[in-house]
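Take a look at the structure set out below.
Since the model is a prediction, treat every value here as computed from it, not as a measurement. In each ligand, atom 1 is the first atom listed, and ligand 1 is the first ligand listed.
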Amino acid sequence: MKNNRQLFLNHVAQTSPAPMALEIERAEGIYLYDASNKKYIDLIAGISVCNVGHCRPEIIEAVNAQMKRHAHLMVYGEYIQYPQTKLAEELSKLLSEKLSSVYFTNSGAEATEGAMKLAKRVTGRTEIFSFRNAYHGSTQGALSIMGSEDFKNSFRPLLPDTRILEFNNEKEIELITKNTAAVFIEVVQAESGVIVGTTEFFRKLRAKCDETGTLLVFDEIQTGLGRTGKMFAFEHLNVVPDVLLLGKALGGGLPLGAFIASKKLMDSFTENPVLGHITTFGGNPVCCAAALASLKIIQQEKLIDSVEEKNKIIHSELKHPFIKEIRSKGLLVAIEFGDVDLNMKIISKCIENGVITDWFLFCATAMRIAPPLTISNAQLKEACKIIVASI
Ligand code: PLP
C-alpha cells in the first residue's frame, strides 16, 4: 500500500518542487504533532491564521453548535443568518462609520477581487495602483496587482491599467490622478519580508486619494486581528482607508475573508447591475460562528496587549552573528540572514529541532516568525533558544 507521502505527491496538486511535506496528525495551542507524535512549536500559525492557537475548545463548540442549527442555506445576501449578521456588527463596532458594511468572502484573494470591482463600480475608472513586492492573492485580478513580475509573466494577459509603485516612496504618490480608481496597499508589507509603512507616507497617500477621489484600500489580510499589536495595523498610523480587506485570522482557522467599506459605497452593488457581486459560500454561517468565537478570545484574553512585550523578547533572544537584521511589527517578524541557502538550511534545522518557521514569498533570505498570539513568554523564549542553537 502506498504511504501518505506518495499519495500526497502523486494526487494532491503540487505547487513547489520541494514541499515541506510534514505529516501533521493533530494540533493544540501552539503545538503541532506529526505522524510519529513528534511535537513542534508552531511559529508561523498557518501563515498568520491561527492567532488564537490551534483547536480552541470555544471555536470547536461554536462550530458544532452552528452545524446543529444549520450550515449552508442560501447564496450570499438573501437570508438573515445570525452568526454572519452578528460578526458584521462586531467588526463594524471595531471600525468607524466609514467601514460599517461588510461583504464576506471565502478567502483573502476574493476580498481583493471584490474590492477591485467595487472601486471600478464606484469611481467609473479602471486604473489600479499597487506596490512593489505586494501580495494580494493569486487569482487573476489579485495577480494583476501583485508586486512581482516573475509571478505574473506566465499568466499574461492580466488586467490592463495596473501599475506598480515603490512602497514608502512619497514621490510616487504624485502618479495618482483623477483617473485612478484605487490604490491597494498593505500597511505592513508581509511577503516582502516585513516592511513597515511610514506614517508620513500613509498620511500623504490618504491626502492624495482624497484629492483625486481615489479609493484607498488597505490589505490587512495578514496583519489584521491583532497580529501587529493593534486589532488592525492601520490603527498604528491613524490613517483610515476607504476599503479594508480581511482574511486569514478572521475565520479562527476556517476559511473566511471580507472587504469592508461604507454602506454608501457598498450599496452600489445593489444596482447597475443588481447582484453586482455574487458568492455561494462567502460568509458561510459555520465559518462566521468560528470567527465570532475567535474574536471573542482575542478580546477577552486581551491577546493584543502582550504582543509588544513578545516582540521585545524575540529581539532580545535572537542574537547571533549570522542574523543581519530583524524587521518586525508586533508578532510579524523577519529574521534576515542575507542568503537564501543559509536561510533554507536554518529553517530545515529548526524543523528538525522541533520549531516550525518559514520564509517569505518575495524574500527568501529571511525567516518568518508569526506565532499564535497565545504563545507564552516562556514558550517564545524556548523557541528562540532552539532557533539560535539551530543557526
Ligand atoms: N493579501 C495578503 C497580504 C496576504 O498575505 C494573502 C495571503 O497570503 C492574501 C492577500 C491572499 O489571501 P488568500 O490566500 O486567502 O487568498
Can Glu382 and Lys385 be counted as an ion pair, charged N to O under 4.0 angstrom?
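No salt bridge links Glu382 with Lys385.
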Inspect the contact between Arg368 and Glu191 and indicate whether a charged nitrogen and a carboxylate oxygen are less than 4.0 angstrom apart.
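Result for this pair is yes, salt bridge flagged.
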In a simple table, one pair per line, please give the protein and ligand 1 atom names for every N or O pair closer than 3.5 Å, along with the distance.
| unit_1 | atom_1 | unit_2 | atom_2 | d |
| --- | --- | --- | --- | --- |
| ligand 1 | 1 (N) | Tyr135 | O | 3.1 |
| ligand 1 | 1 (N) | Asp219 | OD1 | 3.3 |
| ligand 1 | 1 (N) | Asp219 | OD2 | 2.7 |
| ligand 1 | 5 (O) | Gln222 | NE2 | 2.6 |
| ligand 1 | 8 (O) | Lys248 | NZ | 3.1 |
| ligand 1 | 15 (O) | Gly108 | N | 2.8 |
| ligand 1 | 16 (O) | Ala109 | N | 2.8 |

Which pairs with one or both residues in residues 112-140 pass salt bridge (Lys or Arg N to Asp or Glu O under 4.0 Å), sequence neighbours excluded?
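The answer is Arg132-Glu166.
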Under the salt bridge (Lys or Arg N to Asp or Glu O under 4.0 Å) definition, can you give me all pairs with a residue in residues 50-65, not counting sequence neighbours?
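Sorted pair list: Arg56-Glu58, Arg56-Glu301.
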Verify the ring-centre separation between Phe322 and Phe337: is it less than 6.0 angstrom?
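Phe337 vs Phe322: aromatic centres not under 6.0 Å.
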Scan the side chains in residues 278-292 for donor-acceptor partners under 3.5 Å anywhere in the protein, sequence neighbours excluded, and list what turns up.
| unit_1 | atom_1 | unit_2 | atom_2 | d |
| --- | --- | --- | --- | --- |
| Thr279 | OG1 | Phe281 | N | 3.4 |
| Thr279 | OG1 | Gly282 | N | 2.9 |
| Asn284 | OD1 | Val286 | N | 2.9 |
| Asn284 | OD1 | Cys287 | N | 3.3 |

